[in-house]
Amino acid sequence: MEHLLNNWNKSNFSLENKLILAVANRDVDALNAGAKELLKSRGIISGDEYKIGDDSYMRGDRIVVIITETGQFGHSHSKNHFKSYFLDS
């Protein structure tokens, strides 16, 4: 996991074009915590931390929302849409 985070951190892509995916919740939590520490150390996220439930957010944090649409009229397919937001303040 450390290797993945280091590659993500060293990537030449802009932050808006970087994404780390994981399946298991424990891996998601560990990757989020590691990425957050790297972003703090680089000054990309900063300021006060705001807690919402078990999660905390800072200025510069990226929040990804997944919107799932289920099939209509008896169709069994579903479609996911991803929306990404960066916190300004």
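Please read all numbers here as calculations on a predicted model, not as lab measurements. Numbers for residues simply follow the sequence, beginning at 1.
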To the closest 0.5 Å, what do you measure between [atom1] ([X]) and [atom2] ([Y])?
X   : Y   : atom1 : atom2 : result
D27 : I20 : CG    : CD1   : 11.5 Å
N6  : M1  : CG    : CE    : 12.5 Å
N9  : K18 : CG    : NZ    : 6.0 Å
L39 : R62 : CG    : CZ    : 11.0 Å
L38 : W8  : CG    : CH2   : 6.5 Å
M58 : D48 : CE    : CG    : 8.0 Å

> Does a sphere of radius 6.0 Å around NZ in K51 hold more than 12 heavy atoms from other residues, nucleotides or ligands, not counting ones at 6.0 Å or beyond?
Replying inline: yes

>> To check you understand the geometry: which heavy-atom pair defines the closest contact between G60 and I45, and what is its length?
In response: C-CG2, 3.4 Å

>> For a quick test of reading the model, state the closest non-hydrogen atom pair linking A35 to L5 and the distance between them.
In response: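 Looking at all heavy atoms of both residues, the closest pair is N-CD2, 3.7 Å.
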
>> Once side-chain hydrogen bond (donor to acceptor under 3.5 Å, both in side chains) is applied, do any residues pair with S14, and if so which ones, sequence neighbours excluded?
In response: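 Partners of S14 by the side-chain hydrogen bond (donor to acceptor under 3.5 Å, both in side chains) criterion, ordered by chain and then number, come out as E16, N17.
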
> Tracing side-chain links under 4.5 Å among I, L, V, M, F, W and Y, which residues wind up in one group with L21?
Replying inline: L19

> Checking salt bridge (charged side-chain N to carboxylate O under 4.0 Å, His left out) for the pair K36/D61: CA distance, chi angles, key distance, verdict?
Replying inline: CA-CA 8 Å; K36 186 169 217 138; D61 257 331; 3.2 Å; yes

> salt bridge (Lys or Arg N to Asp or Glu O under 4.0 Å) with K40: which residues, sequence neighbours excluded?
Replying inline: E37, E49

